Amino acid sequence: MSLVPFDNRDGFIWWDGTMVPWRDAKLHVLSHGLHYASAVFEGERAYAGNIFRLRDHTNRLIQSGRLLGFEIPFTADEIDSACKAILNANNLADAYIRPVAWRGSEQLAVSAQMTKIHLAIAAWPWPNLFGADRMKGIRLAVAEWRRPDPRTAPTASKAAGLYMIGTLSKHAAEKAGFDDALMLTCDGFVAEATGANIFFAFDGSLHSPTPESFLDGITRRTVISLARARNIPVIERRITPEEVRDAAEVFLAGTAAEITPVRAIGDLAFTPGTITETLIGDYDALVRMPPDEVAKRAA
Ligand code: PMP
């Protein structure tokens with residue numbers, strides 16, 4: 001597969017309120033966000049022109065910035081409108097949307113009180129990549145890195161810096177022939193994959209680790225409401241790695257991953273089954289509904 005670099009594409013990027021030609025959306029190398037990871041971002045999907053749970057993503061973006069001690073200088077309404085505008089400017093209907101906010105270059109030191117906060121939003125095509133292959137599932141290696149304790153890092157923030165261990169873990173998994181990594185919490189419980197939450201089916205009910213040191217994903221919460229609507233009991237609790245071998249089904253949930261069955265964790269094998277398949281169907285239907293219908297069903 002040939003890679004099209006992200007700095008060399010056609011289209012527009014929304015940047016602090018203006019539409020900038022894609023290739024001109026350049027940042028100075030002495031930006032605080034680059035050196036000190038004072039940056040937060042979002043990952044959103046548009047289906048048939050509607051951004052799924054847009055306001056939830058916008059609220060999380062604003063909250064992520066606050067957890068890093070800064071206020072994004074745009075309102076939630078303005079950010080929602082900018083996300084929609086960037087879809088239109090690039091003629092996209094099925095797309096991935098990437099807002100990112102960061103501290104600028106006024107100061108380049110640990111103290112950065114005078115830095116300006118910037119916001120950019122890009123979007124690119126993202127068709128459904130899985131198709132009929134989705135039910136085959138993916139394989140997870142158990143990561144050596146653990147999610148930081150919530151007292152060690154602002155783990156409820158979608159902060160750029162928290163992805164450093166994700167990249168390390170994903171690379172190690174790929175090197176060992178797996179697709180992704182399962183990360184544990186700092187005290188050894190199951191946490192999540194590098195870019196998605198995880199669910200297990202035990203005896204007809206769905207169990208998901210309590211999001212104490214990682215994102216309580218928007219997809220995760222959507223899956224929980226879809227499961228409850230199907231009368232599938234959902235239990236959020238601490239899950240040990242030893243328990244995982246008794247799971248009947250395992251899947252990931254995230255904006256990019258949607259619902260992805262897991263067929264192996266280390267040397268344990270799993271067979272994607274009916275709970276996963278039912279929820280994939282329900283999720284696929286939901287994301288294509290009009291936003292007011294989504295709001296009613298995925299409260
Ligand atoms: N955990 C991590 C580390 C992620 O990057 C994501 C994707 N944003 C998730 C969980 C799932 O979150 P969401 O469902 O809101 O995309």
Side-chain angles (χ1 to χ4, degrees), residues 37 39-47 51-65 67-68 79 83 95-101 121-123 126 129 138 140 142-143 145-150 152-173 179-186 189-200 206 208-227 234 236 239 250-260 262 279-280 282-284 286-287 294-295 298-299:
V40 297
F41 67 98
E42 267 308 314
E44 308 170 1
R45 289 275 291 269
Y47 297 89
I51 302 173
F52 183 64
R53 299 191 67 170
L54 172 58
R55 181 50 68 97
D56 295 296
H57 283 282
T58 297
N59 284 342
R60 184 169 68 187
L61 180 73
I62 293 170
Q63 186 56 20
S64 290
L67 289 168
L68 262 60
I79 297 171
C83 290
Y96 183 84
I97 301 102
R98 167 57 61 90
V100 57
I121 307 172
W126 195 302
L129 298 176
I138 61 163
L140 305 181
V142 180
W145 291 99
R146 293 186 175 188
R147 294 285 315 174
D149 185 300
T152 310
T155 52
S157 169
K158 196 166 164 64
L162 293 170
Y163 284 84
M164 174 181 63
I165 54 170
T167 298
L168 287 168
S169 304
K170 179 109 178 173
H171 286 185
D179 302 292
D180 197 1
L182 173 65
M183 305 200 65
L184 304 183
T185 64
C186 59
F189 293 94
V190 172
E192 58 168 3
T194 63
N197 293 116
I198 193 161
F199 283 86
F200 301 91
L206 213 48
S208 188
T210 320
E212 288 164 328
S213 61
F214 50 90
L215 289 182
D216 179 7
I218 292 166
T219 319
R220 179 184 184 280
R221 296 203 302 270
T222 304
V223 165
I224 290 174
S225 53
L226 290 174
V234 182
E236 298 179 74
I239 297 171
V250 185
F251 63 82
L252 302 184
T255 296
E258 300 178 317
I259 296 175
T260 298
V262 171
L279 291 170
I280 287 175
D282 290 353
Y283 188 76
D284 278 354
L286 183 71
V287 295
V294 171

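Numbering of ligands and ligand atoms starts at 1, following listing order. Bear in mind the structure is a predicted one, so any value in this text is a computation, not a measurement.
- Between the side chains of E42 and H57, at least one donor N or O sits under 3.5 Å from an acceptor N or O.
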N/O pairs closer than 3.5 Å, ligand 1 and protein:
{"unit_1": "ligand 1", "atom_1": "1 (N)", "unit_2": "E192", "atom_2": "OE1", "d": "2.6"}
{"unit_1": "ligand 1", "atom_1": "5 (O)", "unit_2": "K158", "atom_2": "NZ", "d": "3.3"}
{"unit_1": "ligand 1", "atom_1": "5 (O)", "unit_2": "Y163", "atom_2": "OH", "d": "2.5"}
{"unit_1": "ligand 1", "atom_1": "8 (N)", "unit_2": "K158", "atom_2": "NZ", "d": "2.8"}
{"unit_1": "ligand 1", "atom_1": "14 (O)", "unit_2": "I218", "atom_2": "N", "d": "3.3"}
{"unit_1": "ligand 1", "atom_1": "14 (O)", "unit_2": "T219", "atom_2": "N", "d": "2.8"}
{"unit_1": "ligand 1", "atom_1": "14 (O)", "unit_2": "T219", "atom_2": "OG1", "d": "2.6"}
{"unit_1": "ligand 1", "atom_1": "15 (O)", "unit_2": "R60", "atom_2": "NH1", "d": "2.8"}
{"unit_1": "ligand 1", "atom_1": "15 (O)", "unit_2": "R60", "atom_2": "NH2", "d": "3.0"}
{"unit_1": "ligand 1", "atom_1": "15 (O)", "unit_2": "I218", "atom_2": "N", "d": "2.8"}
{"unit_1": "ligand 1", "atom_1": "16 (O)", "unit_2": "T255", "atom_2": "N", "d": "3.0"}
{"unit_1": "ligand 1", "atom_1": "16 (O)", "unit_2": "T255", "atom_2": "OG1", "d": "2.6"}

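- Side-chain contact between N197 and V223 is absent, with no heavy-atom pair separated by less than 4.5 Å.
- The side-chain hydrogen bond (donor to acceptor under 3.5 Å, both in side chains) analysis of residues 156-165, with sequence neighbours excluded, yields the pairs K158-Y163.
- For Y283, the ring-ring contact (aromatic ring centres under 6.0 Å, His included) test picks out F52, with sequence neighbours left out.
- Ion pair E192/R220 not flagged as a salt bridge, since none of the NZ, NE, NH1 or NH2 atoms sits closer than 4.0 Å to an Asp/Glu carboxylate oxygen.
- Legend: residues meeting ring-ring contact (aromatic ring centres under 6.0 Å, His included) with F199, ordered by chain and number and at least two apart, are F251.
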